[in-house]
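Since the structure comes first, as structure tokens, the remarks are kept for the end.
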2 protein chains.
Amino acid sequence: MRISELSRRSGVPNATIKYYLREGLLPPGRATAATQAEYDETHLRRLRLIRALVGVRGLSVASAKQVLEAMTEHRTDPHEVLGIAFGIRPSGSGDPGAAEDDGTDGTNPEAAALVEAMGWSVSEHNPARQIIDRTLRTLRSLDVAYDWQALLPYAELAERTARYDLDRIESITDPLEKAERAVLLTFLLEPALMALRRLAQENESTARHGGRAHP
Amino acid sequence: MRISELSRRSGVPNATIKYYLREGLLPPGRATAATQAEYDETHLRRLRLIRALVGVRGLSVASAKQVLEAMTEHRTDPHEVLGIAFGIRPSGSGDPGAAEDDGTDGTNPEAAALVEAMGWSVSEHNPARQIIDRTLRTLRSLDVAYDWQALLPYAELAERTARYDLDRIESITDPLEKAERAVLLTFLLEPALMALRRLAQENESTARHGGRAHP
DNA sequence: GCAATTGGGTAGCGGCACTGTCTAATCTGG
DNA sequence: CCAGATTAGACAGTGCCGCTACCCAATTGC
């Protein structure tokens, strides 16, 4: 399959496919000549995956690249992939690297306390820790008295969610397929889970305040 | 308080505050003269809220504006605010309005089935429905056999999350404060909840595969 | 042989979130 | 009363990001 057919079958414009190739999100096709390369079903699949991560989930192209790299390399087992992939940040946020001026070392004490309390075994470097500490700090700066203990019930629910996530990929034997499924469920499901929460919030709000939905 | 003090106390550059004023995210100060306006604590608070929504949560400035408008107007009760605010989309996603070419009418049948099965009472227009249907369609296009029934356990957990969310704001009497808290908990907590899920996933993965965290 | 297609490269575009500059009016200190 | 600083408001410019358009030489299919 040449690039035009790949474009036609995926619905992604020719120029955009070239862009993904340049950026390294899509591996190059098997070159058959100086101006000819052959693509196969794996490229088509990868392309759809890219579109899902970027379009539906809203990852930046750079973040999607990291996820895909982690997924493809999967040095030993899917566990690695999860560990690496879980640290990607959405496109919206600003500067990675140096914190603006809030003098935060890399300790994230609140996340650590939470992990300890839950009895979890997670890497010190998991960037999810940062997100938790940052969120709590931000909330408190807005006079919302939240600390890690306020997150405990949420952590409990997250634990069940994670168990359910892992159940769903346990039966897959092919490691690459398993890694792909893990990425899909982790990232692509995030907007849907938040959507579920909002539906449930509206329902719960309706139930408590007795109001009916706006027409 | 004049603009410079507002800038100094919030850490937001002068020019950026003017930008937010232009965009309508921050209400104008009380003009005392042609080149003088007075800002107060509510402006400072609002500014911090903007920064939290845009910086931490990653909302686009336009989305943040909608959230803030819904929050401020709060025609009758916080229930309205939740209903409106819950429909905001993150900045990452592409074109609102016309769906690309996947001929989707506005029905979102899977979300409807899920809502029905859960016995929820939510508006037909809640955009969370769209997100759910879109996510499921995308997953299936990637050969992941998911339908609304696969989301039921997640919906169950979302319901508990929502109950906990509503518990936390129930005691607030001032309607504007309540609306603000609802917005904060709904939006600002989202990254943290996803972070919790990832921590729990890593933990669960470690437990099942017996691996230890990467050094 | 020759139009059409392709790979590969570079340049440009539109949107977004600011940022810098300018002007005229106003305030402050002496 | 006046010099110097500050301010509101308007507008142009910047840097980044995700494409998109164009160009060229090589290759292909007819």
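Since the structure is predicted, the reported quantities are computational estimates derived from the model, not experimental observations. Naming convention: chains lettered A, B, ... in sequence-line order (proteins, then strands); numbering from 1 in each chain.
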### Query
Side chains of Trp120(B) and Glu202(A): do they bring a donor and an acceptor to under 3.5 Å?
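Short answer, no.
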
Rounded to whole Å, please give me the gap between [atom1] in [X] and [atom2] in [N].
| X | N | atom1 | atom2 | value |
| --- | --- | --- | --- | --- |
| Leu21(A) | dT20(D) | CG | P | 15 Å |
| His43(B) | dA8(D) | NE2 | P | 11 Å |
| Leu25(B) | dC18(C) | CG | C1' | 13 Å |
| Glu23(A) | dG18(D) | CD | C1' | 9 Å |
| Lys65(B) | dC18(C) | NZ | P | 15 Å |
| Glu5(B) | dA8(D) | CD | P | 12 Å |
| Asn14(B) | dT6(D) | CG | P | 11 Å |
| Met1(A) | dG7(C) | CE | P | 12 Å |

If you only use heavy atoms from C-beta on, which nucleotide in [options] is closest to the side chain of [X]?
| X | options | answer |
| --- | --- | --- |
| Ser60(A) | dG18(D), dT6(C), dT7(D) | dG18(D) |
| Thr35(A) | dA25(D), dC19(D), dA25(C) | dA25(D) |
| Tyr39(A) | dC18(C), dG7(C), dT20(D) | dG7(C) |
| Val61(A) | dG7(C), dC27(C), dG18(D) | dG18(D) |
| Ile3(B) | dT5(C), dC19(D), dT7(D) | dT7(D) |

### Message
Given the structure, check if the side chain of Arg22(B) and the base of dT19(C) hold any donor-acceptor pair shorter than 3.5 Å.
### Response
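In this structure, the two groups form a donor-acceptor pair.
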
### Task
Give every residue pair that meets the ring-ring contact (aromatic ring centres under 6.0 Å, His included) criterion with at least one member in residues 17-42 of chain B, sequence neighbours excluded.
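Passing the test, one end in residues 17-42 of chain B: Tyr39(B)-His43(B).
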
Check this one for me: any side-chain N or O of [X] less than 4.0 Å away from OP1 or OP2 of [N]?
| X | N | answer |
| --- | --- | --- |
| Tyr19(B) | dG9(D) | no |
| Arg51(A) | dC19(D) | yes |
| Tyr20(B) | dA17(C) | no |

### Query
Is any NZ, NE, NH1 or NH2 atom of the basic residue among Lys65(A) and Glu23(A) found under 4.0 Å from an Asp or Glu carboxylate oxygen of the other?
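Salt bridge: no.
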
#### Entry: Under-4.0 Å salt bridge between Arg45(B) and Glu177(B)
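Salt bridge flag = no for Glu177(B) with Arg45(B).
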
### Message
Under 4.0 Å, heavy atoms only, any strand: does Ala15(A) hit a base, just the sugar-phosphate, or nothing?
### Response
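Since a base atom lies under 4.0 Å of Ala15(A), the category is base.
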
### Query
Base, sugar-phosphate, or nothing: which does Pro28(B) touch, judged by heavy atoms less than 4.0 Å apart?
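If one applies the 4.0 Å heavy-atom cut-off, Pro28(B) turns out to touch nothing in the nucleic acid.
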
#### Entry: First of Pro13(B) and Arg2(A) reached from the 5' end of DNA chain C, by closest nucleotide
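This one resolves to Arg2(A).
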
### Message
If you assign each of Ala34(B) and Ala62(B) to its closest nucleotide in DNA chain C, which residue comes earlier from the 5' end?
### Response
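Between the two, 5'-proximity favours Ala62(B).
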
### Query
Does any N or O in the side chain of Asn203(A) come within less than 3.5 Å of the main-chain N or O of Val122(B), such that one atom is a donor and the other an acceptor?
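No, because the side chain of Asn203(A) does not come within donor-acceptor range (under 3.5 Å) of the backbone of Val122(B).
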
Atom pairs and distances, donor-acceptor, side-chain atoms in residues 25-37 of chain A, under 3.5 Å, two or more places apart:
none

### Query
Relative to the 5' end of DNA chain D, which residue comes earlier, Ala33(A) or Lys18(B), by the nucleotide with the nearest heavy atom?
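Mapping each residue to its closest nucleotide by heavy atoms, the 5'-most match is Lys18(B).
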
